[in-house]
Amino acid sequence: MSDSPQWFDEDAGPVVRPYALIRGRTRSSGDMFDLVATVRAIGDPPGELGPEQQLILRAARNPISVADLAVELDLPVGVVRVLLGDMRDHGLISVSSPSSGGSRSNERILKEVINGLRAL
């Protein structure tokens with residue numbers, strides 16, 4: 001019997017826990033990124049980026065949401081937010097939050113739904 005666990009095979013490659021990618025940090029300047037915030041790559045990437053950062057830059061050539069990036073990278077949103085915060089701090093990406101006008105219209109719609117339910 002081999003010394004390696006059965007769930008690991010040569011095709012799987014190295015196993016790295018997602019939080020190891022961000023050196024165990026759980027907070028960064030990206031903590032406040034909304035899931036629907038739009039990420040866009042800007043500037044020229046330096047050569048010393050890790051594979052996850054390179055994937056983010058490739059995916060963000062066209063605007064993409066934080067949630068879609070997490071799906072694209074197959075990583076937890078918390079990990080993606082930390083990576084994005086680091087990249088924004090280094091001027092590699094821009095992150096724009098959804099417009100505040102949208103929340104006002106959402107509030108108006110919710111009030112109309114509540115009033116409609118009360119009328120029933």
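Computed from a prediction, not measured in an experiment: that's the story for all the values here.
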Shortest non-hydrogen contact between A37 and S97, atoms and distance |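 Reported closest heavy-atom pair: CB-CA, 4.3 Å.
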Of all the heavy-atom pairs spanning T38 and P63, show the shortest one and how long it is.
->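 Heavy atoms only, the tightest pair is CG2-CB, 3.3 Å.
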Flag, side chain of R81 to backbone of F33, donor-acceptor distance under 3.5 Å =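 Yes: the side chain of R81 pairs with the backbone of F33.
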Does some side-chain heavy atom of [Y] sit less than 4.5 Å from a side-chain heavy atom of [X]?
{"X": "V39", "Y": "L69", "value": "yes"}
{"X": "L84", "Y": "D86", "value": "no"}
{"X": "H90", "Y": "L49", "value": "no"}
{"X": "I56", "Y": "E72", "value": "no"}
{"X": "L92", "Y": "L57", "value": "yes"}
{"X": "R40", "Y": "I93", "value": "no"}

In Å, rounded to the nearest 0.5 Å, how long is the span from CD1 of I42 to CZ of R61?
->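 Rounded to the nearest 0.5 Å, the CD1-CZ separation comes out at 15.0 Å.
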Pick out which of V77, V82, L75 makes a side-chain contact (heavy atoms from CB on, under 4.5 Å) with V79.
->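 Among V77, V82, L75, the one meeting side-chain contact (heavy atoms from CB on, under 4.5 Å) with V79 is L75.
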Counting heavy atoms not belonging to D74, are there more than 12 under 6.0 Å from its CG?
->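 Atom CG in D74 is not packed in, count stays at 12 or less.
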Stepwise side chain to side chain contact (heavy atoms under 4.5 Å, CB included) test for D68 and V66 | CA-CA 5 Å; D68 288 336; V66 172; over 6 Å; no
